[in-house]
Amino acid sequence: MPELPEVETIRRDLQKVILGKKIIRVCVHNPMVIREPSPAVFKNNLKGLVIKKILRRGKLLILELSNGSSLTIHLKMTGQLVYPGGSKNSRVAFHLSGGEILDFNDQRLFGELRLVDDWRKIKFVQGLGPEPFDLTYDDFKDMLSKKKTKIKPLLLEQSFISGIGNLYAAEILFRAKINPWRSASNLTDKEKKALYKEIKEVLNSAITHGGSSIDDYVRLSGKKGNYVKFHRVYGRQDKPCFVCKSLIKRITQGGRGTYFCPKCQR
DNA sequence: AATGGGACCTGCGCGC
DNA sequence: TGCGCGCAGGTCCCAT
């Protein structure tokens with residue numbers, strides 16, 4: 001489940017190997033993942049364009065191209081980018097100059113590829129909240145005080161803050177010692193400060209270690225990310241807390257699994 | 001505004 | 001062995 005750290009890891013990986021390469025040909029093996037324009041136009045218009053810049057906004061990957069348009073990629077749950085690729089199971093294969101292939105794989109077909117004139121105008125992008133690393137503490141504090149929502153679902157809201165998903169929300173709240181049921185506006189200043197600090201630290205550390213390879217996520221090379229060994233709560237239901245030995249709980253909030261330590265997180 | 005549910009998909013692990 | 005079911009969670013959409 002690629003979240004900000006996984007997408008940023010892929011962005012950095014891509015930057016090292018495909019920047020400046022030309023898209024020679026696009027093979028669409030499953031048109032479902034191409035959301036705009038039509039698959040035929042998508043294929044045709046990408047041909048001959050050079051990859052000029054590789055950006056990330058929230059969990060969205062953006063490849064800016066030589067004619068000013070952009071290829072945007074949302075991996076959703078099971079999307080992967082692999083290079084050098086060439087897998088028979090890929091959904092879309094981008095043949096690049098130099099002879100190698102960039103594969104877009106996606107088991108569950110939730111992923112979204114778009115070719116757009118201006119990525120900033122995509123509805124999804126317009127709805128995104130601030131990037132965690134651009135956010136000042138004062139702004140964050142204000143944002144929290146205006147929300148009565150439970151803090152865990154709030155962290156998942158991309159319009160509130162962009163890039164955090166189910167896994168990192170759990171890890172961040174554990175490290176900030178905040179119970180997932182707490183209301184955002186009721187957090188103490190100390191808790192808000194801890195939360196602000198842990199959002200940056202957890203995401204940063206996860207990027208440093210190449211993201212968390214659970215389920216389908218792999219880096220561009222196909223290798224796994226190493227952050228799973230730093231997980232404190234995610235996926236650790238009924239296992240002892242690393243801090244206090246209480247058993248980690250799994251509850252459901254807004255239809256999503258939430259892992260936490262009932263003793264450390266009050 | 002907050003909250004809950006279903007939809008999109010598919011493979012996996014479970015119980016029978 | 002094999003079948004059906006629930007589950008995983010990013011995002012959108014609808015209902016309350």
Side-chain angles (χ1 to χ4, degrees), chain A residues 1-11 28-36 56-62 72-81 87-92 104-114 116 119 121-129 131-132 142-173 180-187 203 206 211-218 225 227-228 231 233-238 248-260:
Chain A
M1 46 238 47
E3 305 178 27
L4 187 153
E6 288 74 32
V7 178
E8 178 62 17
T9 297
I10 293 172
R11 189 193 71 79
V28 178
H29 300 122
N30 193 319
M32 196 180 290
V33 297
I34 295 167
R35 308 303 169 121
E36 73 175 298
R56 178 191 58 74
R57 181 76 176 87
K59 301 172 194 170
L60 186 72
L61 206 50
I62 301 143
T72 68
I73 301 169
H74 201 307
L75 301 171
K76 293 284 182 87
M77 301 290 305
T78 55
Q80 301 176 329
L81 285 174
S87 160
K88 285 210 166 79
N89 296 322
S90 75
R91 305 303 193 179
V92 180
F104 175 73
N105 305 325
D106 190 5
Q107 178 105 233
R108 290 172 69 180
L109 299 170
F110 283 174
E112 301 191 351
L113 305 186
R114 291 169 202 277
V116 294
W119 62 267
K121 288 187 182 150
I122 297 174
K123 195 175 152 205
F124 170 76
V125 173
Q126 302 248 319
L128 287 176
E131 283 290 320
D142 283 350
M143 286 159 55
L144 286 173
S145 62
K146 286 180 196 141
K147 294 283 186 178
K148 289 177 183 163
T149 327
K150 312 275 173 286
I151 188 61
K152 154 62 161 54
L154 183 62
L155 290 177
L156 296 185
E157 244 175 70
Q158 302 300 296
S159 56
F160 180 76
I161 186 168
S162 56
I164 299 173
N166 206 39
L167 190 161
Y168 293 105
E171 294 300 318
I172 288 164
L173 287 176
W181 291 111
R182 294 281 301 283
S183 153
S185 57
N186 286 347
L187 296 177
L203 296 179
S212 300
S213 279
I214 49 169
D215 297 333
D216 290 27
Y217 167 72
V218 288
Y227 193 68
V228 176
H231 291 183
V233 287
Y234 189 85
R236 299 198 61 248
Q237 183 180 13
D238 297 331
I248 300 300
K249 271 196 170 174
R250 184 185 183 280
I251 55 169
T252 300
Q253 280 180 306
R256 301 247 120 61
T258 297
Y259 299 89
F260 73 107

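Computed from a predicted structure; not experimentally measured. Sequence lines set the chain letters: A, B, ... in the order given, protein chains first and strands last, and positions in each chain run from 1.
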Checklist entry - Please give, in whole Å, the distance from C/dC7 P to A/Arg256 CZ? => result 13 Å
Item to check | Pairwise side-chain contact, A/Ile34 with A/Phe104, heavy-atom cut-off 4.5 Å (strictly under) | outcome: no
Next on the checklist: Let's test this: given Watson-Crick or G-U wobble pairing with both distances under 3.5 Å, identify the partner of C/dG9.
Outcome noted: none
Checklist entry - On DNA chain B, which is the earliest and which the latest nucleotide, 5' to 3', with an atom closer than 4.0 Å to a heavy atom of chain A? => result B/dA2 to B/dG11
Next on the checklist: Distance check needed: C/dA8 P versus A/Gln253 CD, whole Å only.
Outcome noted: 14 Å
Next on the checklist: From CZ of A/Arg57 over to C1' of C/dG10, roughly how many Å is that when rounded to an integer?
Outcome noted: 16 Å
Checklist entry - Going by the angle between their ring planes, with limits at 30° and 60°, are A/His74 and A/Phe124 parallel, tilted or perpendicular? => result perpendicular
Item to check | A/Asn186 side chain to A/Lys148 side chain, donor-acceptor N/O pair below 3.5 angstrom | outcome: no
Next on the checklist: Please compare A/Asn30 and A/Trp181 by the position of their nearest nucleotide in DNA chain B and report the one closer to 5'.
Outcome noted: A/Trp181
Next on the checklist: In this structure, how many angstroms lie between the C1' atom of C/dG9 and the CG atom of A/Leu167, rounded?
Outcome noted: 11 Å
Item to check | Position toward the 5' end of DNA chain B (nearest nucleotide), A/Glu157 or A/Arg91 | outcome: A/Glu157
Checklist entry - Does the pair A/Leu75 and A/Asp216 meet the rule for a side chain to side chain contact (heavy atoms under 4.5 Å, CB included), with working shown? => result CA-CA 11 Å; A/Leu75 301 171; A/Asp216 290 27; over 6 Å; no
Next on the checklist: Below the 4.0 Å mark, does C/dT11 have OP1 or OP2 next to a side-chain nitrogen or oxygen of A/His74?
Outcome noted: yes
Item to check | Inter-nucleotide P distance (B/dG5, C/dG6), Å rounded | outcome: 15 Å
Checklist entry - A/Gln158 near the nucleic acid: base, sugar-phosphate alone, or nothing, with a heavy-atom cut-off under 4.0 Å? => result sugar-phosphate
Checklist entry - Is there a Watson-Crick or G-U wobble partner for C/dT1 with both distances under 3.5 Å, and if so, which one is it? => result none
Checklist entry - With both distances under 3.5 angstrom, what nucleotide forms a Watson-Crick or G-U wobble pair with B/dC9? => result none
Checklist entry - Are side-chain heavy atoms of A/Phe260 and A/Lys152 found at a separation under 4.5 Å? => result no
Checklist entry - Expressed in angstrom and rounded to an integer, what is the separation of A/Tyr259 atom OH from C/dC7 atom C1'? => result 10 Å
Next on the checklist: Using the P atom as the point on both nucleotides, what is the distance between B/dC9 and C/dC13, in whole Å?
Outcome noted: 15 Å
Next on the checklist: When you measure from the side chain of A/Gln158 to the backbone of A/Leu156, do you find a donor-acceptor pair of N or O atoms at a distance under 3.5 Å?
Outcome noted: yes
Next on the checklist: Distance check needed: C/dT11 P versus A/Phe124 CZ, whole Å only.
Outcome noted: 5 Å
Checklist entry - To the nearest angstrom, how far is A/Asp216 atom CG from C/dG9 atom C1'? => result 12 Å
Checklist entry - Do side-chain atoms of A/Ser212 reach the backbone of A/Ile214 as a donor and acceptor pair under 3.5 angstrom? => result no
Checklist outcome for this item: Closest to the 5' end of DNA chain C, once A/Lys123 and A/Glu3 are matched to their nearest nucleotides, is A/Glu3
Checklist entry - Within this structure, what is the CZ-to-P distance between A/Arg108 and C/dA8, rounded to whole angstrom? => result 11 Å
Item to check | SB check A/Lys59 A/Glu3 (cutoff 4.0 Å) | outcome: no
Checklist entry - So, is A/Tyr234 near the phosphate of C/dG9, with a side-chain N or O under 4.0 Å from OP1 or OP2? => result yes
